[in-house]
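All ligand and atom numbering here is 1-based and tracks the order in the structure.
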Amino acid sequence: MFSKLKNIFKSLSKQLSNAVMYKIIDERNIEEFCSKILIDLIEADVAYDVAEGIVESIRRNLVGQRIPRGVNTEEYMNEILYKSLYDILSKGLASDFLNVVRDIVARDGVAKIMFMGINGVGKTTTIAKIAYMLKQNGVRSVVVAADTFRAGAQEQLRKHCEKLGLPFIGGRYGADPAAVAFDGVAYAQRGKYNVVLIDTAGRMHIDVDLMNELKKIVNVVKPHMKILIVDALTGNDAIEQARKFDEAIGVDGVILTKVDADASGGAALSVIIGVGKPILYLGVGQSYDDLLRYEPDAILKMLLR
Ligand SMILES: Nc1nc2c(ncn2[C@@H]2O[C@H](COP(=O)(O)OP(=O)(O)O)[C@@H](O)[C@H]2O)c(=O)[nH]1
Ligand SMILES: [Mg+2]
């Protein structure tokens, strides 16, 4: 993961350290490197605004730096890059999901969590991963397929639930998704389950019908958390989806899927930085345990090692 970006940052810290051996880093050095890294990042599919933000942060951290004698300059530069990126990546840091869920359960009995996103981003797969993670941590969940539009959607989720040994609540084709979600919540309350995970319908595009359907589920079920799933490979589109879902429904947190499939890492990094919402997890594969908690340090280890 992030292989191309890793090479860019590695060569940057090498070049910087060669240039600044035994002297102060001057304006000219900085300008030269900043314009080069901007181009490198854009060539690695990093969105323009995001690349500019990264360069700006590096510039801020470089200005006036004096490398102490006897210090390994490459390591020193690597630390400056680390700090520059950490400043940016830490903006996406979310509270620990599991703790948040446990707090809600302690207060309200059942935590209601709704997942949204357009078709194919990985909603159903991610819900199965979350259900698995909760089960591993002793939290009992009910899974609801409030997508009554596609028969396949119900089947897919039912199979995951069978594998995971979790109760599945579905609805007949064409049934009201809000009613199905409501049934799921009632089932959880009766059966003393801790969490209800609600899968919703996707569309190819964001349209009024989808938003109205989601609004109705929100009004009926009153979820504690509305989580948006976006596909890392779609870069700027994912950022745009987050903006639209947030305006229409409200987004409490984001899960970024298919980070493993982004060869350069630029699109994934762009979404992480540009999405403007807390990032709960990264999807890094198709198995149940391919779900990474979002931690800037872990990303930085991948980027700067
Ligand atoms: N490589 C990879 N594939 C994923 C990931 N998450 C989901 N997928 C795949 O993306 C496709 C669509 O997933 P699905 O859960 O059906 O999407 P939905 O339409 O949003 O419910 C499936 O083939 C999943 O296996 C991920 O993190 N990495
Ligand atoms: Mg689905």
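- Ionic pairing of Glu43 and Lys4 is not present here: no N-O contact between side-chain nitrogen and carboxylate oxygen is shorter than 4.0 angstrom.
- Taking 4.0 Å as the cut-off between side-chain N and carboxylate O, Lys129 and Asp289 do not count as a salt-bridged pair.
- Classification of Arg107 and Asp103 as a salt-bridged pair fails, no side-chain N sitting under 4.0 Å from a carboxylate O.
- The existence of a salt bridge linking Lys277 and Asp252 is excluded, since no basic side-chain nitrogen approaches an acidic carboxylate oxygen closer than 4.0 Å.
- Scanning all protein heavy atoms for the shortest distance to atom 15 (O) of ligand 1 gives Thr125 OG1, 2.6 Å.
- Of all atoms in ligand 1, numbered sequentially from 1 with element shown, those under 4.0 Å from a heavy atom of Gly283 are 27 (O).
- Looking only at heavy atoms of the protein, atom 20 (O) of ligand 1 is closest to Lys123 N, 2.7 Å.
- Any N or O atom pair closer than 3.5 Å counts here, and Val259 shares no such pair with ligand 1.
- With hydrogens and angles left out, the side-chain atoms of Thr200 and Asp147 include no donor and acceptor closer than 3.5 Å.
- Ion pairing of Glu155 with Arg158 is present here, as a side-chain N (NZ or NE/NH1/NH2) and a carboxylate O approach within less than 4.0 Å.
- Screening the protein for N, O or S atoms under 2.8 Å from the Mg ion (ligand 2) yields 1; no waters enter the count.
- In this structure, Asp297 does not pair ionically with Lys301, as no charged nitrogen and carboxylate oxygen lie closer than 4.0 Å.
- Remark: ligand 1 and Ala261 share no N or O pair separated by less than 3.5 Å (distance only, no angle test).
- Cluster annotation: Ile39 and Val55 are assigned to distinct hydrophobic clusters (Ile/Leu/Val/Met/Phe/Trp/Tyr, side-chain heavy-atom contacts under 4.5 Å, transitive).
- The pair Glu247-Lys244 fails the salt-bridge criterion, with no side-chain N (NZ, NE, NH1 or NH2) lying under 4.0 Å from an Asp/Glu carboxylate O.
- Among the atoms of Thr257, none of the N or O lies under 3.5 angstrom from an N or O of ligand 1.
- Within the 4.0 Å heavy-atom cutoff, Val121 counts among the residues contacting ligand 1.
- Ligand-side atoms of ligand 1 in range of Val284: 27 (O), range being under 4.0 angstrom from any heavy atom.
- Of the protein's non-hydrogen atoms, the one nearest atom 12 (C) of ligand 1 is Gly120 O, 3.7 Å.
- Heavy atoms of Gly117 stay at 4.0 angstrom or farther from ligand 1.
- Summarising the contacts of atom 8 (N) of ligand 1 with Met116, Gln156, Lys258, the nearest heavy atom is found in Lys258.
- Atom 1 (N) of ligand 1 has as its closest protein heavy atom Asp260 OD2, 2.8 Å.
- Close to ligand 1: Gly285, with a non-hydrogen atom less than 4.0 angstrom away.
- Considering backbone and side-chain atoms alike, Asp290 places every N or O at 3.5 Å or more from each N or O of ligand 1.
- When heavy-atom distances to ligand 1 are checked against a 4.0 Å cut-off, His160 has no atom that comes that close, whether in backbone or side chain.
- Looking at Glu162 and Lys159, no side-chain N of the basic residue comes within less than 4.0 Å of a carboxylate O on the acidic one, giving no salt bridge.
- Using a 4.0 Å cut-off between a side-chain N of Lys or Arg and a carboxylate O of Asp or Glu, Asp231 and Lys258 qualify as a salt bridge.
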Margin query: For Tyr281 and Tyr294: C-alpha separation, side-chain torsions, deciding distance, then whether ring pair (Phe, Tyr, Trp, His ring centres under 6.0 Å) applies.
Written below: CA-CA 5 Å; Tyr281 292 98; Tyr294 176 71; over 10 Å; no

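- Looking only at heavy atoms of the protein, atom 25 (O) of ligand 1 is closest to Gln286 OE1, 2.5 Å.
- The hydrophobic clustering, which links ILVMFWY residues whose side-chain heavy atoms are closer than 4.5 Å, places Ile88 and Ile239 apart.
- Between Phe168 and His160, the distance separating the two ring centers is not shorter than 6.0 angstrom.
- Among all non-hydrogen protein atoms, the one lying nearest atom 17 (O) of ligand 1 is Gly122 N, 3.0 Å.
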